[in-house]
Amino acid sequence: MSDPSRTLSKHARDLLDPASDPGPAVAELDTIVGLSKRRGFIYPSSEIYGGINAVWDYGPLGVELKNNVKRAWWRSMVQERDDIVGLDSGILMAPQIWVTSGHVAEFSDPLVECRSCRRRYRLDELPGAEDLSQTDLHDPGVVARLGLRCPADDGELSAPRRFNLMFKTFMGPVEEQAAEIYLRPETAQGIYVNFRNVKETSRKKVPFGIAQVGKAFRNEISPGNFVFRMREFEQMEMQYFVHPERAAEHFADWLPRRRAWYEAYGVAPARLRTREHAPDELAHYAKKAVDVEYRFPFGWKELEGVHNRGDWDLSRHMEASGESLEYFDPATEEHFVPWVVETSAGADRAAFTFLLDAYREEEVRGEKRVVLGLHPELAPYKVAVLPLLKKRPEIVEMCHRIKGDLQRDVMAVYDDTAAIGKLYRRQDEIGTPWCVTVDVDSLDDGAVTIRDRDAMTQERVSADRVREVIADRMRAARQ
RNA sequence: GCGGGAGUAGCUCAGUCGGUAGAGCGUCAGCCUUCCAAGCUGAAUGUCGCGGGUUCGAGACCCGUCUCCCGCUCCA
């Protein structure tokens, strides 16, 4: 306790060195929380009933953004690859799966509570208990046996109590223990238990991957930081099945690939880094784990984990189910249980990150201009069609015609409830990359202007070419 | 869960000594307006987080409770 660096959290130590800290894209988290609510990206859940902790709802713009994030992930992980296929497994699964996977036993923190000051500690973080085995950590007599006391006031400590992070509910009409079932805490198990099905129906050969996007639920002890840690959240996971001897090299391939994905969609490279887990922080299933981290306003935090899970999951499921999950390689005539390299990302965290990193404030003519510089692929609306004058019915009509045409390809919106400058600012703030403006001249020459969100420059194009120009620009942004 | 802070209009907040609720922004409507948050006029919106108590009277004082934020913790 006397060494000051020991009392600092890992988070605080990370930020000590200004040279390695690029700073957050947005200083105050509230800036984004406020924008999200004001413009309809993200709202607190159940707000009219006072809210519910750690659940957030996506509004009209938020659902577009998040869908776009998931689509971009799917494009890069499934659509553009020959060796990865998709899956959508159930949230509810046979309860035995979670026993086999280790989540019933391990996905919990052994907590002890001080009887006098009521502080709670994770048992394995108490001085004198750091090196305990899993058996010891769950031994009711361990506190007395080691003579552990409360570090704060030397009070008596309770026996370790397991706090499992999985949500439970009941399946069927009877609420009894036999009917207990879990909400999945990760999507990965749905992939493992379908491994044989997918292998046989897709006729993929190792190495190949299975990707899945879906909800997961964790009863976190302390959620928070907006959508960063929620109790209900969405994962984008891919399990890559490889020959055991090639696992390390596939791991080395996936890590930079996943980091590059965030950069491709606009996250500043300086605010991304990778960090390898020390042996003592590895999850129960992991042989090796490296995080892609982002510099959030509240510190460097995990965006995505790349894990070498070995054959842990498949082997355990083989053993518990009695079914073979081996792979036969006809070329070498070898039978083996594939190892898994997992990339596990959070859709909410990714959307949050893109939102944060896109935010900027500029000064234009002495006025503050708020811009979400979202990648066009991620932007909720791709185009806004705006009339310079709304009292001319021909102009309004032309706007609607152009918008209707664009809508067949992309999300487009019409707005005439303010002067043009303000309409532009509104679209800037929600990240719309292009605005099409119809003016009086358009009625004569059939041309309109396309205004660019970032440069604020305008280009005049024929109205019947707008759809094509936008499609070209979308394609160019994708690269 | 513990420690600290905060809940008043969609948002940011004011509300004095306890006397019956306000401003700016935003939103909507009308007028005006030919390219980067113009102007004028008008309008809507509050169980003052929720429940109880004290009081003639509570947004304010007391108790309880819920939620949010910061820290501990965590890891998608």
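In this text, all values refer to a predicted model and were calculated from it rather than measured experimentally.
Every residue meeting the side chain to side chain contact (heavy atoms under 4.5 Å, CB included) condition with A/Val99, not counting sequence neighbours, appears here in chain and number order: A/Gln96, A/Val104. Take A/Leu92 and apply the side chain to side chain contact (heavy atoms under 4.5 Å, CB included) test, not counting sequence neighbours, and it matches A/Ile181, A/Leu183. Residues satisfying the side chain to side chain contact (heavy atoms under 4.5 Å, CB included) test with A/Asp439, not counting sequence neighbours, are A/Leu388, A/Asp441, A/Ser442, A/Arg460.
In this structure, A/Met236 reaches neither bases nor backbone, as no heavy-atom distance under 4.0 Å exists between it and the strands shown. Here A/Leu303 lies in heavy-atom contact (under 4.0 Å) with sugar-phosphate atoms only. A/Glu304 comes within 4.0 angstrom of the backbone, heavy atoms only, and of no base. Within the nucleic acid shown, A/Ala54 comes within 4.0 Å of sugar-phosphate atoms alone, with no base atom in reach, counting heavy atoms only. Using a 4.0 Å heavy-atom cutoff across all strands shown, A/Phe352 reaches no nucleic acid atom at all. Nucleic acid contact class of A/Tyr262 (heavy atoms, under 4.0 Å, all strands): none. Nucleic acid contact class of A/Arg349 (heavy atoms, under 4.0 Å, all strands): base. Contacts of A/Gly305 with the nucleic acid, taken as non-hydrogen atoms under 4.0 Å apart, involve only primed sugar atoms and P, OP1 or OP2.
Between the C1' atoms of B/U8 and B/U20, the separation comes to 15 Å (whole Å).
Side-chain contact of A/Tyr192 with A/Arg309: a donor-acceptor pair under 3.5 Å is present, judged by distance alone. Looking only at atom types and distance, the side chain of A/Tyr414 has a donor-acceptor partner in the side chain of A/Asp416 under 3.5 Å away. Side chain to side chain, A/Gln189 and A/His317 meet the donor-acceptor criterion of an N or O pair below 3.5 Å.
Which of B/C70, B/C11, B/A76 sits closest to the side chain of A/Phe233 comes down to B/A76.
One atom, CZ of A/Arg258, and another, P of B/C75, lie 21 Å apart when rounded to the nearest Å. A/Asp416 has its CG atom 12 Å from the P atom of B/C31, to the nearest Å. If you take NZ of A/Lys301 and C1' of B/C72, they are 11 Å apart, rounded to a whole angstrom.
Considering only heavy atoms from C-beta on, A/Leu303 comes within 4.5 Å of A/Leu272 through its side chain.
A distance of 11.0 Å separates CD1 of A/Ile395 from OG1 of A/Thr437, quoted to the nearest 0.5 Å.
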Within the 4.0 Å limit for protein heavy atoms, which parts of nucleotides 32-41 of chain B are touched? Write it as a string from 5' to 3', B for base, S for sugar-phosphate only, - for none. -SBBBB----

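Sorted by first then second residue, the ring-ring contact (aromatic ring centres under 6.0 Å, His included) pairs that include residues 362-399 of chain A, not counting sequence neighbours, are A/Tyr265-A/His375.
In RNA chain B, the stems built from three or more successive Watson-Crick or G-U pairs (distances below 3.5 Å) are B:1-7 with B:66-72, B:10-13 with B:22-25, B:27-31 with B:39-43, B:49-53 with B:61-65.
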